[in-house]
There are 2 protein chains.
Amino acid sequence: MKVSKAKSAENRAALLAAASDLLKEQGFDGAGVAEISRRAGLTQGAFYSQFPSKAALAAEACRASVAGSQAFWRGVQDGAPADVSGYLDAYLSADHLENVITGCPMAAYGSEVGRQDGALKAAFTEGFEDLVQVMQEALSLKMPADLARQRALLLVSGMAGGLAMARAVATSNPRLASEILQSTREGLMQLASAEGTTTGGD
Amino acid sequence: MKVSKAKSAENRAALLAAASDLLKEQGFDGAGVAEISRRAGLTQGAFYSQFPSKAALAAEACRASVAGSQAFWRGVQDGAPADVSGYLDAYLSADHLENVITGCPMAAYGSEVGRQDGALKAAFTEGFEDLVQVMQEALSLKMPADLARQRALLLVSGMAGGLAMARAVATSNPRLASEILQSTREGLMQLASAEGTTTGGD
DNA sequence: TGTACATCAGTGAACGCGCGTTCACTGATGTAC
DNA sequence: TGTACATCAGTGAACGCGCGTTCACTGATGTAC
């Protein structure tokens with residue numbers, strides 16, 4: 001049966017939300033059209049009247065996930081006034097380690113992005129740049145712009161890497177996982193606050 | 001036909017090598033038994049007289065990949081005498097970014113490990129610990145052991161994260177990718193050399 | 001405002017395909033005598 | 001050392017299954033008069 005435009009838009013949003021979650025939970029290959037549709041309360045047929053393909057949905061879901069991440073970061077920034085330590089503590093926490101679905105897409109499927117199609121890579125890349133931008137702005141308060149940029153790139157990559165590695169080892173060695181989180185937090189915090197003149201230039 | 005024990009061992013090694021490559025190239029879901037066997041010059045039937053399942057092979061291949069990584073790291077260490085800058089330059093290079101197959105498994109499929117079975121996670125975790133150990137030994141020459149440990153954990157995670165993020169954005173924005181590599185190299189190098197007393201306690 | 005009907009979002013079954021795995025069979029290996 | 005034969009690594013076709021995608025159909029929506 002046909003459905004009102006409002007309801008159709010609602011269904012589209014539900015598919016996107018289900019996909020955002022499932023992609024982080026099961027990866028790009030693991031997340032299937034059938035389960036995404038089922039979680040959105042729809043059939044696979046409905047899926048294909050909303051999106052031309054699984055790849056197209058994945059690209060949009062990735063864009064939505066990273067935008068959501070950015071909103072979270074800005075939220076932390078507003079709460080604890082522009083202090084990078086707020087980012088680090090929230091990101092590299094036991095809570096974030098356990099909650100993949102509500103967490104950051106970079107850590108959830110970062111290493112898979114390079115194997116996806118161009119639209120998805122573009123969406124991820126734009127989101128990544130935005131996150132770096134937010135981080136850079138926070139750092140700019142205590143260091144020159146070019147150093148802030150350099151440190152922002154390292155912090156974002158390092159946070160994603162630290163969380164991803166902590167998750168990878170968490171089942172076999174939970175103590176190691178929290179050691180990774182703590183070491184990453186402390187080391188990156190030092191780079192975020194240091195007046196660092198050892199940087200050397202090209 | 002039956003085959004000599006030597007030839008059978010050779011075939012097993014070929015399957016492992018093909019799997020190590022293909023897992024890094026296509027991920028755990030993307031790499032299939034058919035193609036792994038084909039690349040090893042064998043049929044799928046041969047696969048199952050060598051390994052009980054795809055998951056069992058994946059765990060062994062992961063173990064082999066990470067051990068290979070460790071050998072590479074030790075090699076760099078022997079070449080340029082125990083200097084961490086040797087690790088960083090080799091790992092965070094354009095060359096490593098382009099060559100996924102011959103590269104580090106942490107960056108190639110780090111974010112997928114958490115979704116695999118226990119044997120694979122255990123193999124990855126042990127390999128990760130070994131890499132941290134090698135890094136820690138190199139760092140111990142210029143800082144106290146506990147700080148070296150903390151820094152080793154951050155360096156290994158940060159290197160994996162930096163390379164993974166650089167690869168994710170490389171197609172859409174190659175300039176950003178090399179910026180990530182460079183910023184990660186420089187920032188981590190600073191942490192590897194700094195006498196860092198700002199470490200604070202837990 | 002009320003009626004007639006074209007539109008089209010969603011249904012649910014079916015499609016071909018490639019996946020991981022199984023199995024009857026082959027024939028060189030390597031052991032027993 | 002030479003022969004007879006049990007073993008078992010590898011072959012290649014087949015299995016069931018779930019994947020992404022398609023399609024004939026449904027019926028509420030919302031437009032045209």
Side-chain angles (χ1 to χ4, degrees), chain A residues 1-62 109 112 115-120, chain B residues 1-62 109 112 115-120:
Chain A
M1 61 287 191
K2 193 172 171 176
V3 124
S4 74
K5 284 191 174 172
K7 183 63 188 165
S8 170
E10 229 176 76
N11 289 343
R12 185 185 176 85
L15 285 166
L16 261 173
S20 297
D21 289 359
L22 214 62
L23 287 177
K24 287 190 272 182
E25 191 179 334
Q26 312 195 354
F28 293 104
D29 293 323
V33 169
E35 189 169 358
I36 292 170
S37 305
R38 199 182 52 73
R39 287 209 194 178
L42 294 163
T43 61
Q44 304 187 46
F47 180 101
Y48 283 94
S49 50
Q50 292 283 0
F51 299 96
S53 67
K54 179 187 168 184
L57 170 77
E60 276 202 49
C62 178
Y109 49 63
E112 293 169 73
R115 300 192 286 265
Q116 306 307 311
D117 72 10
L120 192 136
Chain B
M1 60 285 189
K2 192 171 173 177
V3 126
S4 74
K5 284 192 176 174
K7 182 63 189 165
S8 169
E10 230 175 75
N11 290 343
R12 185 186 176 84
L15 285 166
L16 261 173
S20 298
D21 289 358
L22 213 62
L23 287 177
K24 287 190 272 182
E25 192 180 332
Q26 311 193 355
F28 293 104
D29 292 323
V33 169
E35 190 169 359
I36 291 169
S37 305
R38 200 183 52 75
R39 286 207 195 180
L42 294 163
T43 61
Q44 304 187 45
F47 181 100
Y48 283 93
S49 50
Q50 292 283 2
F51 299 96
S53 66
K54 179 187 166 183
L57 170 78
E60 277 203 47
C62 178
Y109 49 64
E112 292 168 72
R115 300 192 286 264
Q116 305 307 310
D117 71 10
L120 191 136

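Letters go in sequence order (proteins before strands), and every chain restarts at 1.
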pair [X]-[Y]: side-chain heavy atoms closer than 4.5 Å:
{"X": "A/L22", "Y": "A/E25", "answer": "yes"}
{"X": "B/Q50", "Y": "B/E60", "answer": "no"}
{"X": "B/D29", "Y": "A/F28", "answer": "no"}

Contact class for [X] (heavy atom, under 4.0 Å): base, sugar-phosphate, or nothing?
{"X": "A/A40", "result": "nothing"}
{"X": "B/S8", "result": "sugar-phosphate"}
{"X": "A/S4", "result": "sugar-phosphate"}
{"X": "A/A6", "result": "nothing"}
{"X": "B/Q50", "result": "sugar-phosphate"}

Exercise. Map B/T43 and A/K2 onto DNA chain D by nearest heavy atom, then report which one ends up closer to the 5' terminus.
Key: B/T43

Practice problem: With DNA chain D as reference, determine whether A/V33 or A/G45 sits nearer its 5' end, using the nearest nucleotide of each. | Solution: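 The residue closer to the strand's 5' end, by nearest nucleotide, is A/V33.
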
Exercise. With a 4.0 angstrom cut-off to heavy atoms of chain A, pull out the first and last contacting nucleotide of DNA chain D, in 5'-to-3' order.
Key: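 Endpoints of the contacted stretch of DNA chain D: D/dG20 to D/dG30.
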
Exercise. Search all heavy atoms of B/S37 against all heavy atoms of B/L15 and return the closest pair with its distance.
Key: CA-CD2, 3.9 Å

Find the distance between [atom1] ([X]) and [atom2] ([Y]) and round it off to the nearest 0.5 Å.
{"X": "B/E10", "Y": "B/S8", "atom1": "CD", "atom2": "OG", "result": "9.5 Å"}
{"X": "B/K24", "Y": "B/D21", "atom1": "NZ", "atom2": "CG", "result": "6.5 Å"}
{"X": "B/L57", "Y": "B/S20", "atom1": "CG", "atom2": "OG", "result": "7.5 Å"}
{"X": "B/C62", "Y": "B/E112", "atom1": "SG", "atom2": "CD", "result": "11.0 Å"}
{"X": "A/S4", "Y": "A/N11", "atom1": "OG", "atom2": "CG", "result": "8.5 Å"}

Quiz item: If you pin B/K54 and A/N11 to their nearest nucleotides in DNA chain C, which one's is more 5'?
Solution: A/N11

Quiz item: Nearest nucleotide by nearest heavy atom, which residue falls closer to the 5' end of DNA chain C, B/K5 or B/S53?
Solution: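 Its nearest nucleotide being more 5', the pick is B/S53.
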
Quiz item: Given the rule that a pair is Watson-Crick or G-U wobble with both distances under 3.5 Å, how would you write DNA chain D in dot-bracket, using | for pairs to a different strand?
Solution: .||||||||||||||||||||||||||||||||

